[in-house]
Amino acid sequence: QVQLVESGGGLVQAGGSLRLSCAASGTTFSINDMGWYRQAPGKERELVAVVSSGGSSNYADSVKGRFTISRDNPKNTVYLQMNSLKPEDTAVYYCKARVAIGGTRFTADYWGQGTQVTVSS
């Protein structure tokens, strides 16, 4: 069973920085995209950033220029460097990994448990 373990959340003042990490384990299959999503109270979960196994990345407009996603493929780990944080970045941040099911054209998505990020004004 694939497990994703996140770390790095916490409380920070506006303008500060945090770095989130997410390590995937429990699979010998290839991991395609890895990404970060967030969910604020009363809002739907939204994409923050995603990175492919080849290193191509995409970002939500609201975080472009402030957040950077990266991954270490041998370690099956994805990172999210968050700079110039704003109070509106406050949310639970979730990691997601899309795993290729070996020998098929299918994939499966796995989620981490979430880590709280709180930005005070």
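The CG atom of N32 sits 8.0 Å away from atom CZ of R98, with the distance rounded to the nearest 0.5 Å. With rounding to the nearest 0.5 Å, the separation of CD1 in I31 from CG in N76 is 3.5 Å. Rounding to the nearest 0.5 Å gives a distance of 11.0 Å between OG1 of T115 and CG of L80. Atom CZ of R71 is separated from atom SG of C22 by 10.5 Å, given to the nearest 0.5 angstrom. Once rounded to the nearest 0.5 Å, the distance linking OH of Y37 with OH of Y93 reads 14.0 Å. The CG atom of L20 lies 13.0 Å from the OH atom of Y94; values are rounded to the nearest 0.5 Å.
For T90 and E88, the side-chain atoms include no donor-acceptor pair closer than 3.5 Å.
The two residues W111 and L4 have their closest heavy-atom pair at C-CD1, 3.7 Å. Summarising the geometry of A40 relative to A91, their closest heavy-atom pair is N-CB, 3.8 Å, with the distance given to 0.1 Å.
Put simply, the side chain of V119 reaches to within 4.5 Å of the side chain of V117, judged on heavy atoms. Annotation: side chain of K75 is not in contact with side chain of N73 (no heavy-atom distance under 4.5 Å). Side chains of T107 and V99 form no contact here, defined as non-hydrogen atoms less than 4.5 Å apart.
Two different hydrophobic clusters hold Y110 and V92 under the rule that ILVMFWY side chains link at heavy-atom gaps under 4.5 Å. Linking Ile, Leu, Val, Met, Phe, Trp and Tyr residues whenever their side-chain heavy atoms come within less than 4.5 Å leaves W36 and Y79 in two separate clusters.
In this structure a side-chain-to-backbone donor-acceptor pair under 3.5 Å is missing from R105 to I101.
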Going by atom type alone, with no hydrogens or angles, which donor-acceptor pairs under 3.5 Å involve a side-chain atom of residues 5-13 and a protein atom two or more places apart or on another chain?
| unit_1 | atom_1 | unit_2 | atom_2 | d |
| --- | --- | --- | --- | --- |
| E6 | OE1 | Q113 | N | 3.3 |
| E6 | OE1 | G114 | N | 2.4 |
| E6 | OE2 | C95 | N | 2.5 |

Just list the side-chain donor-acceptor pairs under 3.5 Å for residues 43-58, sequence neighbours left out, or say none.
| unit_1 | atom_1 | unit_2 | atom_2 | d |
| --- | --- | --- | --- | --- |
| E46 | OE2 | R38 | NE | 2.7 |
| E46 | OE2 | R38 | NH2 | 3.3 |
| S52 | OG | G54 | N | 3.3 |
| S52 | OG | G55 | N | 3.3 |
| S52 | OG | S56 | N | 3.0 |

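Here S17 pairs with N83 under the side chain to side chain donor-acceptor pair (under 3.5 Å) rule; sequence neighbours left out.
Between D33 and K96 no salt bridge is recorded (no basic side-chain N to carboxylate O distance below 4.0 Å). Under a 4.0 Å N-O distance rule, the pair D89/K86 does not qualify as a salt bridge.
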